Chemist: 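For reference, the structure I am asking about is given below.
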Amino acid sequence: MDLFLPLTQPSDMIGTERQKALALLRALLMEAATKPANEPPASGKKGAGNE
């Protein structure tokens, strides 16, 4: 089964739904761009990495 194929055809959004979706997307992208990345703990100990 291909998980990337939509189960149904996507429907066209009406103008207000599209504007609302774009505003939400814009807000999420702005939050992701302005939120600082998590910094590693300053205790000097190494945690589990991505080995």
Side-chain angles (χ1 to χ4, degrees):
M1 182 167 103
D2 191 347
L3 298 176
F4 296 101
L5 288 177
L7 296 177
T8 60
Q9 292 289 345
S11 62
D12 290 332
M13 286 192 230
I14 60 173
T16 55
E17 289 176 334
R18 180 178 168 87
Q19 288 176 350
K20 188 175 179 180
L22 287 173
L24 178 59
L25 179 60
R26 187 176 295 120
L28 290 172
L29 289 172
M30 287 298 295
E31 182 179 342
T34 58
K35 190 173 183 181
N38 292 337
E39 295 183 17
S43 65
K45 295 181 183 178
K46 288 188 175 182
N50 233 1
E51 288 104 44

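No experiment lies behind these values; they were computed from the predicted model shown.
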Chemist: Checking one residue: I14. Which other hydrophobic residues are in its cluster under the side-chain 4.5 Å linking rule?
Modeler: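 Besides I14, the cluster holds no residue at all.
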
Chemist: Apart from L29 itself, what residues make up its hydrophobic cluster when side-chain heavy atoms of I, L, V, M, F, W and Y under 4.5 Å apart count as a link, directly or indirectly?
Modeler: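 Taking Ile, Leu, Val, Met, Phe, Trp and Tyr as members, L29 shares its hydrophobic cluster with L25.
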
Chemist: Once rounded to the nearest 0.5 Å, what's the spacing between atom CD of E17 and atom CD of Q19?
Modeler: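 The CD atom of Q19 is 11.0 Å from CD of E17, to the nearest 0.5 Å.
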
Chemist: Apart from L28 itself, what residues make up its hydrophobic cluster when side-chain heavy atoms of I, L, V, M, F, W and Y under 4.5 Å apart count as a link, directly or indirectly?
Modeler: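 Under the 4.5 Å side-chain rule, L28 groups with L24.
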
